[in-house]
Amino acid sequence: MPLLGGIRPPIALLCLLILALAGLTAKVLGPAGEPAVPKAVLRSQQHFAQDGAIALRASIDERVTDLNRMAAALNAGEPAEPERVLSDLSNTYQKWTGTTVLDLESGKVLAARGETIPLAWLDKDVLTGENALTPRMVRLKTGDVRLMTMALLDRKDRPQQLLIASNSLSVPAINLGPFRSMAVVARGGEVLATAGFERAEALNSDAERSELSFLQKQMTRLSERAAKETEADPVSAREPGSRGYPGVSGTLLGNSYNGRIATAGYASLASADPEQRKSVGAGLGLTVVAMLPVVQEQAVGQERELYGLVAAGVLVVFGLVAAALLWMAVQRPLLGLFLESRRLARGDLTRPVAVPRWGEAARIGAALERLRAQLSGGDAEPDPSGRQGRLGLRVPLALTAALLLLWCVPVGLLLNRTDASVSVPSTMVNDQRDRTDLVADRVRRALNEAQADLVSISRLIDADDPDATTGVLDDALRKHTRYGSLYVVDEGDVVARAGAEPDSAWSEEEDEEDEGDGDSLVRVSGEGGKKPVIQAGAAVPDHKGMTLVGEVRVEFLNSLLNRPGLGEVRVVDTKARTIAASDGFLAFEDLPRESLTDLVRAGSVQVGAGPVENGLLIREGRSVTVAAAAPFSGGGVAADIGWTVVSWQDAKHFEIAPYEREDRSVLAGMLGLALIVVCLGWIHLVVVRPLRALASSAEKLADGDLKTVLYPRYHDEVGAVVRSLELVRQQLQARRQNQSRRSAEPRLGAGER
């Protein structure tokens, strides 16, 4: 008999899987080596470092792009003196620590503003070759590192000049919270800049100063480790345009001090846009490290470990009972039928067939007894007791499934269930608030950059030549994907346009119901339409009443909001109506919860110097939601438009102990269900169904159907019984033929006499 056929393998597999599931249950429903720091906190630091890296990379690229754009505008415009060049540059973009105009032929400094820029690093390799005018990192005498960005001023009838702008590789100007620190790290682990340690002078006790010194040392060590991890693990970086963070990122765990452990996340600078693979910021080899000391979690008590052991023990008991039930109700009767049928096929008819008590086995046993009687020369009547029944082997299978479900359902649906009383680490609320503030800063800066771009483009517009203006707009639209259309408005009339048809008019006087006032350079309109219309404007120099308007694509703002680990993010106006979202939305729709609307209104209240960001735990029913709102603040034309970035996510998405235990319980229950389906389904397909068909065939054979040939479908116990019945059928058929021949012989003899 084949070893892998029949009833034995599925029952053996059921026992093995139950033991494996019991071991897994004892491990995962107990402490399971829970870390001192929740995974959610570590993951949050990784997301924070990714946000910081994105902000730093975008800041560097924007500065390089702005300088090149300004140089192109100066080259196309009327010649200007070096002092005027630097003045226009500082008035348009306030982002450089120092600027210099250098005469390339003589090497003389023609004009300078801000901090002094050293020129010793300028050589032939910097100015010529494939890497000419590529931004370089230069160390000043003070030890600080600056990123030097260069652009060529090549104007007609003027000697070539080099425009140099320096800016620090500082930590992005984002809200780090009260305890978090951040560092910008170069290749090799050198820390170029830090933020979050500026409170040293405010410390009054030796203990506080000692803790600060410990954190500074931890930042140095973790930065070195992060730089090594970034260089050693480049294959984990995703291709630009793919899902997830495109650079190398991860988490680190430092030492502990006074019950708090230093946790850190790191992320290398990388571009998320396939068209920006040669991003300046992404090519500098920088890494952002975010560090936060968190309170060490208390170890889980012994009762939790016993909790898992009890659940595993109950499963083992249920499994043994289920296996015993299958053995008694299915395997033992089937093996008995196999032995009885083989005995009859060999011709051993001396003793009656041992008929099982019920089910298909009883039907087959009764048929075998009738066949034995027929082979013995007599006629056997059907069993009048009806003990074989019609319920069959489906009953023990159903009882086995119900027995195992008594374990799976409570474990999966009732064990370790959470409710609104779950304790969520305050770090998660703070990180949600700070990351939301970071996203708000990104959106505000993007709108400011959009308006600054328009100011730069407006210098190239020739109001007397509409065709040339259209060419300038077409070229600008190709370079700036953030705009859906660009057009020049002169006293309400569009005189030149590039891109899509304007969705909304730009008027000098807005209605009182519109956002902002009549002098706002960033506006939103389009209420009642399919999508909001976001406009930025810049006055055309020397042409009163003429304005260059750019309609910012809503999809561009949506892309700024899509950040992993932050949940759903929206930009809302002063009335808490949706303008942009990380997921699908309806234009100007309200927030889905009244509590979120209240949070937005609370964040817009003027406190001190202005509105502040807020984080909140919302407990409703059995769910816990972490939400945050960050109004626009800071500088630029977008700071005063009254918009707010609001984010929220279900706390169940956090990798914290209560939710992990609930997920493990659900997983254990689902694995139990899979075990039931696989093993009992196997038994039903290869044993029960063939056995029911065999019972019908055996009864027909016992009733006298000797013409139907019995073919075994499987090489197992059922197949062996079928083969034996086929031999019995052949014996009965041969016996009937012999009887027919004997009864015909006397009649033939009488005819001859």
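Quick caveat: nothing in here was measured; it's all calculated off a predicted structure.
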Donor-acceptor under 3.5 Å ([X] side chain, [Y] main chain):
| X | Y | value |
| --- | --- | --- |
| D437 | A630 | no |
| R63 | L147 | no |
| T220 | Q216 | yes |
| R435 | R563 | no |
| R444 | S633 | yes |
| S559 | F556 | yes |
| H47 | Q45 | no |
| N558 | A581 | yes |
| S458 | V455 | yes |
| T97 | S166 | yes |

Margin query: Would R523 and W506 count as a side chain to side chain contact (heavy atoms under 4.5 Å, CB included) here? Give the steps.
Written below: CA-CA 9 Å; R523 307 176 183 179; W506 178 275; 3.4 Å; yes

Do [X] and [Y] come within less than 4.5 Å of each other through their side chains, counting heavy atoms only?
| X | Y | value |
| --- | --- | --- |
| L152 | L104 | yes |
| P118 | M148 | yes |
| L169 | I60 | yes |
| L447 | W643 | yes |
| I461 | H543 | no |
| R442 | I54 | yes |
| L566 | D51 | no |
| M150 | L162 | yes |

Smallest separation among heavy atoms of [X] and [Y], with atom names:
| X | Y | answer |
| --- | --- | --- |
| T469 | A496 | CG2-CB, 3.7 Å |
| F632 | V645 | CE1-CG2, 3.9 Å |
| L454 | G537 | CD1-N, 3.8 Å |
| M219 | S181 | CE-OG, 3.4 Å |
| E83 | A111 | OE2-CB, 3.7 Å |
| V488 | M546 | CG1-CG, 3.5 Å |

Margin query: Between R478 and D474, does any NZ, NE, NH1 or NH2 come within less than 4.0 Å of an OD or OE carboxylate oxygen?
Written below: no

Check: Does R146 come within less than 4.0 Å of E115, counting only side-chain N to carboxylate O?
Finding: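 Salt bridge present between R146 and E115.
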
Checklist line | Matching residue for Y487 among E501, E551, R497 - test: side chain to side chain donor-acceptor pair (under 3.5 Å) | finding: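 Only one option passes, and that is E551.
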
[atom1] of [X] to [atom2] of [Y]: how many Å apart, nearest 0.5 Å?
| X | Y | atom1 | atom2 | result |
| --- | --- | --- | --- | --- |
| R553 | T481 | CZ | OG1 | 5.5 Å |
| E224 | E229 | CD | CD | 13.0 Å |
| T99 | L86 | OG1 | CG | 4.0 Å |
| D61 | L56 | CG | CG | 9.5 Å |
| L438 | F48 | CG | CZ | 6.0 Å |
| M291 | M182 | CE | CE | 11.0 Å |

Item checked: Partner set under side-chain contact (heavy atoms from CB on, under 4.5 Å) for L477, not counting sequence neighbours -> Y483, L486, A498

Note to self: L192 vs E190, test: side chain to side chain contact (heavy atoms under 4.5 Å, CB included). Steps then yes/no.
What the structure shows: CA-CA 6 Å; L192 302 180; E190 180 186 5; 4.1 Å; yes

Notebook entry, point to check: How about S647 and T436: does a side-chain donor come under 3.5 Å of a side-chain acceptor?
Noted result: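 Judged by distance alone, the side chains do pair up.
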
Next item on the list: Start with the C-alpha gap between L548 and L473, add the side-chain angles, then the distance that decides, and say whether side chain to side chain contact (heavy atoms under 4.5 Å, CB included) holds.
Entry: CA-CA 10 Å; L548 173 61; L473 298 182; 3.5 Å; yes

Next item on the list: Would you please test V109 and I117 for side chain to side chain contact (heavy atoms under 4.5 Å, CB included) and show each step?
Entry: CA-CA 10 Å; V109 176; I117 297 178; over 6 Å; no

